[in-house]
A.B. asks: 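For reference, the structure I am asking about is given below.
No experiment lies behind these values; they were computed from the predicted model shown.
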Amino acid sequence: MELPTSKIEPSFSLPVDSEYKATEFRPFSISSPHMRAFHLAWLSLFSCYFSTFSIPPLMEVIRADLNLSDTDVGRANIASLAGSIFSRFAMGTACDLVGPRIASATLSLLTAPAVFSMCLVSSPLAFILIRFLIGFCLANFVANQFWMSSMFSGCVVGVANGYAAGWANVGAGFTQLVMPLLYSLIISFNFASSSAWRIAFVFPAIFQVITAIMILVYGQDLPNGYYKRRKTDKRDENVFGILFNGLKNYRGWILGLAYGFSFGVELTTDNIIAQYFYERFGVNVETAGVIAACFGLTNCISRPGGGVISDVMGKRFGMRGRLWSLWVVQTVAGLFCVLLGRVNTIFESILVMCCFSLFVQAASGLIFGVVPFVSKRSLGVISGITGCGATIGAEVTQLLLFSGTTNLPTQAGISIMGLMMLVCTLPLTLIYFPRWGGMFCGPSLPPEDEDYSLLE
C-alpha cells in the first residue's frame, strides 16, 4: 500500500502571501530569497548607472583630448540614451519569457566590453558609438523592477521598487564624485592625462561584470525557485500574446509618458548638470562633479520615499491615493525644474537643484508604485513600456534643448524642460481601473478578492 505524500511548503524568514511574495520589506536584511534578490538587483543596476554616467564628469578632459565640438558632445549624450530605448522594451519581454535573473546578468555581461572600450576610443565618431552601446545597460532597470514585483506583495511593492531603483540610481551620482577622483589619483602616478581618463574606465567595466556573476551565482527569480512560464496556460507560452496584451493597455503608455518626464528628466540632468555648473559658474572639474553628485545621491532617500508614499496612500485611499500623490509630487518637481533655470547664483542653484532632485526622484518611485497593478500577465511588457518612456523623454529633451545645435542657453532649456514636465503629468488624470477607480471616479465593478487585496 502506497502511503500518501504531503506537499512540503517552503519556509521563509519574512511573512509571505499565498504566492510566497514577502508582505514585509526589510532593506537591511540579507535573508534569502526576497532580500537577497533585492540587494543583488539594486547593486547590479547601480553598476550599470555607474558605467553609463561615468563619462559626463570627465567630459571636459575627454573633450580636450578628442577635440570634441559642442555638437559632438550633444550627439554623444543623445546616443547614450538612444541605446536603451529598444533594449528597455526588449528587456520587458525577456523578463516575461526567461525571468529577471538571466535577463539582467546577460545584459550586464554583453555591455561590459563597451564600457571597457572607452580605454581605446580615439575619435569623435568612436566616442559617440561607444556611448550608444553603453546606453544599452540601462535596460537593466526593467529587470530590477520586474524582480521586485515578483518577490514582494502588493502591500509593499511600491517601497520595494522604490528602494531597489533608488539605491541603484545613486550610482549616477556616485560616479560624478568618484570618476574625477579616480582620474586625479591615476594622474598622481605620473600618467599622462590622455592615458589617465582611459585607465579610469577599467573600474566600471570590472564592477559591472562582478555584479552580473553575483546574480547568476546567488540570485533566484521567484520566492519558490527559478523562473519558467506556466505550461498549463497556453496564452503564457505565446510571446506575441504577452506582448499584445501589454501593448493594448493604455495605462502603460500614460505611465510611460509620465516616467519620460520624471526619470527621463533625471537622466537628462545627469548628463548636463556637471557641465552646466562648470560653464555657468566657473567651478573646476572636481567641484562640478561634487555638485552634480548631490543630484544623484539624493536617490538613496527620495525614490524610496516615493515608494513609501505610494504604499501608504494605497493602503489608506486605494488606487486614487497612489495616483493623486504621484500627480502632486511630479507637478511640484516640474515647478522646481522651471525655477532651477531662473536662479542666478551658485548657492541658489544648488539649493533648488537639491529640492528638484528630491521631488523628481520621488515621482519616479511613485510611478512604479502603480506599474505592478496594471497587468499581471504582461508585467514585463508594462515595465518595459514605462522604462522606455524614460529614455524617450530624455532623448526628446536632449535633442530639443541640449543637443548643442541651437543657441538656446542651458538655463533656458532647463526651465522649458520643467514646463514640459507639467504638461506631460496631466494625462495621469485619465488612468482608470474598473475595480479600483481613478483620480476622480470610484470603481465601477466590484473588487476581486485576489487583486484588490494588493491594496490592503
A.B. asks: Using a 4.5 Å cut-off on heavy atoms from C-beta on, say whether the side chain of F368 contacts that of F141.
C.D. replies: yes
A.B. asks: Mark yes or no: R198 above the aromatic ring of F191, with NZ or CZ under 6.0 Å from the six-membered ring centre and no more than 45 degrees from the axis.
C.D. replies: no
A.B. asks: Measure the shortest side-chain to side-chain distance between N161 and F152 over non-hydrogen atoms and say whether it is less than 4.5 angstrom.
C.D. replies: no
A.B. asks: When you look at S150 and D221, which way does the side-chain hydrogen bond (donor to acceptor under 3.5 Å, both in side chains) test go after all the steps?
C.D. replies: CA-CA 8 Å; S150 301; D221 297 287; over 6 Å; no
A.B. asks: Please confirm whether the backbone N or O of G307 pairs with a side-chain atom of S310, one donor and one acceptor, at under 3.5 Å?
C.D. replies: no
A.B. asks: So do the side chains of L138 and Y49 get within less than 4.5 Å of each other, counting heavy atoms only?
C.D. replies: yes
A.B. asks: So do the side chains of C294 and I350 get within less than 4.5 Å of each other, counting heavy atoms only?
C.D. replies: no
A.B. asks: Looking at every heavy atom in both A333 and V360, which two are closest together, and how far apart are they?
C.D. replies: CB-N, 3.6 Å
A.B. asks: How many angstroms lie between CD1 in I215 and CG in L43, if you round to the nearest 0.5 Å?
C.D. replies: 8.0 Å
A.B. asks: For L247, is there any backbone N or O sitting under 3.5 Å from a side-chain donor or acceptor partner on W253?
C.D. replies: yes
A.B. asks: Please find the pair of heavy atoms, one from R303 and one from A165, that lie closest to each other, and give the distance.
C.D. replies: NE-CB, 3.2 Å
A.B. asks: Given 3.5 Å as the limit, does a donor-acceptor pair link the side chain of R88 with the main chain of G387, or not?
C.D. replies: yes
A.B. asks: Can you tell if the side chain of I414 reaches within under 4.5 Å of the side chain of Y276, non-hydrogen atoms only?
C.D. replies: yes
A.B. asks: If only atom types and distance count, is the side chain of H39 paired as donor or acceptor with the main-chain N or O of F28 below 3.5 Å?
C.D. replies: no
A.B. asks: Could you walk me through whether T111 and I134 pass side-chain contact (heavy atoms from CB on, under 4.5 Å), step by step?
C.D. replies: CA-CA 6 Å; T111 53; I134 293 174; over 6 Å; no
A.B. asks: I'd like to know whether L255 forms a side-chain contact (heavy atoms from CB on, under 4.5 Å) with I431, so could you lay out the CA-CA distance, the side-chain angles of the two residues, the decisive distance to 0.1 Å, and finally the verdict.
C.D. replies: CA-CA 9 Å; L255 290 171; I431 293 181; 3.9 Å; yes
A.B. asks: Tell me whether the count of non-hydrogen atoms from other residues, nucleotides or ligands lying under 6.0 Å of OH in Y218 goes above 12.
C.D. replies: no
A.B. asks: Would you compute the distance between atom CG of N144 and atom CE of M148 and round it to the nearest 0.5 angstrom?
C.D. replies: 6.0 Å
A.B. asks: Is it the case that over 12 heavy atoms from other parts of the model lie below 6.0 angstrom from the CD1 atom of I30?
C.D. replies: no
A.B. asks: Give the minimum heavy-atom separation between A112 and V209, together with the two atoms involved.
C.D. replies: CB-CG2, 3.5 Å
A.B. asks: Whether the S383 and Q145 side chains hold a donor-acceptor pair (N or O, under 3.5 Å, no angle test) is what I'd like checked.
C.D. replies: no
A.B. asks: Assess the pair F295 and F277: is the distance between their ring centroids shorter than 6.0 Å?
C.D. replies: no
A.B. asks: Do we see a donor-acceptor contact under 3.5 Å between the side chains of N271 and Q398?
C.D. replies: yes
A.B. asks: Over 60° means perpendicular and under 30° means parallel, so classify the ring planes of W42 and W167, tilted if in between.
C.D. replies: perpendicular
A.B. asks: Under 3.5 Å, side chain of T175 to main-chain N/O of G171, donor-acceptor pair present?
C.D. replies: no
A.B. asks: Just wondering, do I291 and F281 contact through their side chains at under 4.5 Å, heavy atoms?
C.D. replies: no
A.B. asks: Please name the pair of heavy atoms, one in L107 and one in N140, separated by the smallest distance, quoted to 0.1 Å.
C.D. replies: CD2-N, 3.6 Å
A.B. asks: Does one side chain, of S32 or Q220, offer a donor that lies under 3.5 Å from an acceptor on the other?
C.D. replies: no
A.B. asks: Hey, could you give me the CE/CD1 distance between M353 and I273, rounded to the nearest 0.5 Å?
C.D. replies: 6.0 Å
A.B. asks: Using atom types as modelled and distance alone, determine if a side-chain donor or acceptor of D311 lies under 3.5 Å from a backbone N or O of V159.
C.D. replies: yes
A.B. asks: Taking the side chain as every heavy atom from C-beta outward, state whether L14 and F25 have any pair of such atoms under 4.5 Å apart.
C.D. replies: no
A.B. asks: Among H34, R36, M35, whose side chain to side chain contact (heavy atoms under 4.5 Å, CB included) with M151 holds?
C.D. replies: H34
A.B. asks: Quick one, Q330 with T425, criterion side-chain hydrogen bond (donor to acceptor under 3.5 Å, both in side chains). Give me CA distance, side-chain angles, the key distance, then yes/no.
C.D. replies: CA-CA 7 Å; Q330 187 152 325; T425 303; 3.2 Å; yes
A.B. asks: Could you walk me through whether F203 and F50 pass ring-ring contact (aromatic ring centres under 6.0 Å, His included), step by step?
C.D. replies: CA-CA 10 Å; F203 175 77; F50 192 100; 5.6 Å; yes
A.B. asks: May I ask you to check whether S193 and D65 show a side-chain donor-acceptor distance below 3.5 Å?
C.D. replies: no
A.B. asks: Would you say the side-chain atoms of S104 pair up with the backbone N or O of R101, donor to acceptor, closer than 3.5 Å?
C.D. replies: no
A.B. asks: If you round to the nearest 0.5 Å, how far is CG of L428 from CD1 of I254?
C.D. replies: 7.5 Å
A.B. asks: May I have the step-by-step check of side-chain hydrogen bond (donor to acceptor under 3.5 Å, both in side chains) for T410 and E279, ending in yes or no?
C.D. replies: CA-CA 10 Å; T410 303; E279 293 179 348; 5.1 Å; no
A.B. asks: Going by distance alone, is a donor N or O of one side chain under 3.5 Å from an acceptor N or O of the other, for S69 and D72?
C.D. replies: yes
A.B. asks: S44 side chain to A41 main-chain N or O, any donor-acceptor pair under 3.5 Å?
C.D. replies: no
A.B. asks: Parallel, tilted or perpendicular, judged at 30° and 60°: which one describes the rings of F46 and F174?
C.D. replies: tilted
A.B. asks: Grab the two heavy atoms, one from A293 and one from L177, that are nearest each other, plus how far apart they are.
C.D. replies: CB-CB, 3.9 Å
A.B. asks: With a 4.5 Å heavy-atom cut-off, do S262 and Y259 have their side chains touching?
C.D. replies: yes
A.B. asks: Which distance, rounded to the nearest 0.5 Å, do you find between the CE of M118 and the CZ of F127?
C.D. replies: 5.0 Å
A.B. asks: Do the side chain of R342 and the main chain of S415 share a donor and acceptor less than 3.5 angstrom apart?
C.D. replies: no
A.B. asks: For the side chain of Q176 and the backbone of D270, is there at least one donor-acceptor N/O pair under 3.5 Å apart?
C.D. replies: yes
A.B. asks: Restricting to non-hydrogen atoms, name the atom on P427 and the atom on C424 that form the minimum distance, rounded to 0.1 Å.
C.D. replies: CD-O, 3.4 Å
